[in-house]
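Residue indices begin at 1 and follow the sequence shown.
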Amino acid sequence: MSVSTAAATAADRSVRAPLPVLGGDVTVPLVTGGEVAYAALDYAASAPALQRVWDDVAAYAPYYGSVHRGAGYLSQLSTDLFENARRTVAEFLGCRETDQLVFTRSTTDSLNLLARALPAGCRVFVFETEHHAALLPWRHAGVTYLDAPRTPGQAVQTLERALADREPHGPALVCVTGASNVTGELWPVRELAAAAHAHGARIVLDAAQLAPHHPVSVRDLDVDWVAFSGHKLYAPFGSGVLAGRADWLRAAEPYLAGGGASRRVARRADGGVDVEWHESAARHEAGSPNVIGAHAVASACRALTEAGFDTLVAREQHLIRKVRDGLAEVPEVGILSLFGDDAPRVGVLSFVVEGWNSSHFAAALSAEYGIGVRDGLFCAHPLVRTLLGSDPRTRGECGGPGAAPGATPLDAVRVSFGAGTPDEHVERFVRAVRELVRDGAKWNYRTQDGRCVPDTPA
Ligand code: PLP
């Protein structure tokens with residue numbers, strides 16, 4: 001073998017090797033008998049922990065101590081670890097010198113925190129296509145919901161028009177996703193940020209689905225804030241992140257009132273209390289910080305950076321091609337898309353299957369093939385409504401209206417994967433779809449508590 005062939009083979013191998021994650025050897029029972037290795041294909045909901053994250057957490061666990069309180073050695077060590085995690089994640093996100101990084105519980109928590117920090121009179125602009133976590137936190141403020149665009153260019157135009165027309169022309173915030181949790185399609189974040197800034201608005205990036213798949217740089221994308229969740233970034237220990245401009249955060253009332261957020265508290269002569277709040281990120285981190293969660297997120301950031309996003313993206317694109325090529329051979333399957341077949345995307349695909357309710361299809365994938373996917377409306381009801389052209393309802397039924405021949409589907413199935421997914425999982429998925437559509441389910445299913453489940457004796 002020549003040196004160049006050997007190098008190409010090694011590069012190919014590195015593209016094809018998944019990162020080690022927990023759960024790879026877990027087997028699950030099949031309703032048809034026997035056991036099979038579980039294929040976790042619901043990364044968009046929660047990704048398995050990276051082995052590296054687990055090892056880092058385990059190595060630290062004996063040294064666990066309180067953060068920002070406590071004079072003991074382990075408290076000091078834990079405080080250092082927490083603050084180092086903040087620096088590592090800020091570096092991972094390409095934060096500016098003056099940015100603040102707040103550890104939260106999740107993306108939902110991060111966006112709700114930002115919603116509480118809006119300056120007076122701030123109007124918020126959100127596409128109807130967002131996940132509910134990005135759609136709903138602003139309802140107490142003035143919010144404009146923008147119609148679903150059909151191309152990335154249309155998204156930019158729609159936003160520009162809405163920002164230009166706003167009355168009065170006061171402070172404004174745009175909230176946009178980096179990658180859709182329904183279609184996996186990438187949004188034109190840099191262009192939307194430029195449009196927002198050109199019209200005197202700020203922008204927060206919901207990177208819940210983007211950060212696990214692509215590098216996210218606050219500086220390069222020129223966004224004002226970014227939010228993501230540890231549990232989607234292979235670090236399921238209860239931490240999320242909000243990072244970005246300090247001014248709104250510093251001016252806002254603390255998200256939670258309590259210890260850690262307050263620098264000084266004193267009784268007043270009239271019997272009340274005066275509080276001096278911190279101006280650092282601690283202002284919005286009241287209560288005992290989740291040091292293990294923050295450490296886990298930092299560990300995942302290091303692991304992904306070391307693996308190299310070029311390599312991770314190449315591998316994921318290879319898996320996406322396998323799934324898309326496989327599903328393309330099954331005419332009964334329709335993939336949901338806003339921007340069209342050629343739109344760049346991450347490893348998240350939703351689809352409908354003619355003649356099947358999604359709950360039934362997902363139940364059969366699980367019970368007969370050991371494959372875990374998600375079905376339903378994916379906390380993005382307006383987007384799914386637009387994509388299906390129907391009034392979506394999670395039916396959870398095995399038969400019913402959506403399964404009738406030619407019926408409009410009521411909800412969808414989502415398959416999603418990432419850095420820890422072996423080829424075999426997506427290959428099994430494609431084979432399972434083909435067999436279920438061709439041969440039907442091998443088992444009977446019934447509706448129970450609004451979900452479709454195998455009909456087994458109690
Ligand atoms: N934004 C997007 C695009 C998501 O996919 C999700 C979760 O699925 C969220 C926000 C909310 O994330 P979390 O549930 O971790 O708060």
Side-chain angles (χ1 to χ4, degrees), residues 21-22 46-70 72-96 99-114 117 133 205-208 210-212 215-218 225-244 246 249 254-256 258-262 278-306:
V21 289
L22 298 189
S46 287
L50 281 175
Q51 182 69 48
R52 163 82 177 277
V53 169
W54 183 256
D55 291 345
D56 281 351
V57 165
Y60 161 63
Y63 302 93
Y64 176 75
S66 64
V67 170
H68 294 154
R69 34 181 76 62
Y73 188 86
L74 296 194
S75 291
Q76 291 179 32
L77 186 145
S78 296
T79 301
D80 283 351
L81 197 85
F82 186 69
E83 292 305 330
N84 281 338
R86 201 191 300 280
R87 279 188 284 278
T88 300
V89 179
E91 200 175 311
F92 177 77
L93 293 173
C95 287
R96 297 156 291 239
D99 284 341
Q100 272 188 0
L101 188 142
V102 183
F103 281 114
T104 63
R105 290 179 300 170
S106 61
T107 310
T108 305
D109 202 30
S110 298
L111 295 175
N112 275 274
L113 158 56
L114 189 60
L205 170 63
D206 171 357
L210 186 64
V216 171
S217 166
V218 168
W225 292 276
V226 60
F228 74 85
S229 302
H231 71 101
K232 296 186 198 292
L233 195 93
Y234 313 104
F237 291 87
S239 271
V241 167
L242 176 69
L249 298 176
Y255 185 41
L256 295 172
S262 47
H278 280 294
E279 294 202 335
S280 64
R283 184 183 190 85
H284 297 295
E285 290 175 346
S288 297
N290 176 4
V291 55
I292 290 196
H295 181 48
V297 170
S299 165
C301 292
R302 275 193 298 271
L304 294 176
T305 305
E306 283 165 25

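No donor-acceptor pair under 3.5 Å is formed between the side chain of R283 and the backbone N or O of A261. The backbone N or O of S46 sits nowhere less than 3.5 Å from a side-chain atom of H231 that would complete a donor-acceptor pair. A donor-acceptor pair under 3.5 Å is formed between the side chain of D99 and the backbone N or O of R96. Counting only distance, with no hydrogens or angles, the side chain of D56 and the backbone of A296 share no donor-acceptor pair below 3.5 Å. E285 contributes a side-chain N or O that, together with a main-chain N or O of F103, makes up a donor-acceptor pair within less than 3.5 Å. A donor-acceptor contact shorter than 3.5 Å is absent between the side chain of S78 and the backbone of V67. A donor-acceptor pair under 3.5 Å is absent between the side-chain atoms of Q100 and the main chain of L242, judged by distance alone. Side-chain N or O atoms of S229 include none that pairs as donor or acceptor with a backbone N or O of S106 at under 3.5 Å.
Under the side chain to side chain contact (heavy atoms under 4.5 Å, CB included) test applied with L81, the options H295, R86, Q76 reduce to a single match, H295.
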Should F228 and V89 be marked as a side-chain contact (heavy atoms from CB on, under 4.5 Å) after you check the CA-CA gap, both sets of side-chain angles, and the distance that decides it?
CA-CA 11 Å; F228 74 85; V89 179; 4.0 Å; yes
Check the pair N112, Y255 against side-chain hydrogen bond (donor to acceptor under 3.5 Å, both in side chains), reporting the backbone distance first and the verdict last.
CA-CA 9 Å; N112 275 274; Y255 185 41; 5.3 Å; no
Under the side-chain contact (heavy atoms from CB on, under 4.5 Å) rule, what do F237 and W54 come out as? Steps first, then yes or no, please.
CA-CA 10 Å; F237 291 87; W54 183 256; 3.7 Å; yes
Going through the checks in order, is the side-chain contact (heavy atoms from CB on, under 4.5 Å) test met by I292 and Y60?
CA-CA 8 Å; I292 290 196; Y60 161 63; 3.8 Å; yes
Using the side-chain contact (heavy atoms from CB on, under 4.5 Å) rule, take H284 and L249 through it: C-alpha gap first, then chi angles, then the decisive distance, then the call.
CA-CA 8 Å; H284 297 295; L249 298 176; 4.0 Å; yes
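The shortest non-hydrogen separation linking A300 to L50 is CA-CD1, 4.4 Å. Across every non-hydrogen atom of L101 and A90, the tightest pair is CD1-N, 3.6 Å. Scanning all heavy atoms of the two residues, the minimum distance from A243 to L93 falls at CB-CD1, 3.9 Å. Summarising the geometry of T104 relative to S110, their closest heavy-atom pair is OG1-OG, 2.8 Å, with the distance given to 0.1 Å. The shortest non-hydrogen separation linking T88 to A298 is CG2-O, 3.8 Å. Residues A58 and P62 share a closest heavy-atom pair of O-CD, 3.3 Å.
Residues F92 and V297 have side chains not in contact (no heavy-atom distance under 4.5 Å, counting atoms from C-beta outward). Counting heavy atoms from C-beta on, the side chains of L233 and L304 come closer than 4.5 Å. Q51 places a side-chain heavy atom less than 4.5 Å from the side chain of L22.
Distance check: T79 OG1 to R69 CZ gives 8.5 Å after rounding to the nearest 0.5 Å. Taking CG of L113 as the start and OG1 of T108 as the end, the distance is 12.5 Å to the nearest 0.5 Å. Rounding to the nearest 0.5 Å gives a distance of 11.0 Å between NE2 of H68 and OG of S75. In this structure, the separation between CH2 on W225 and CG on L114 is 5.5 Å, given to the nearest 0.5 Å.
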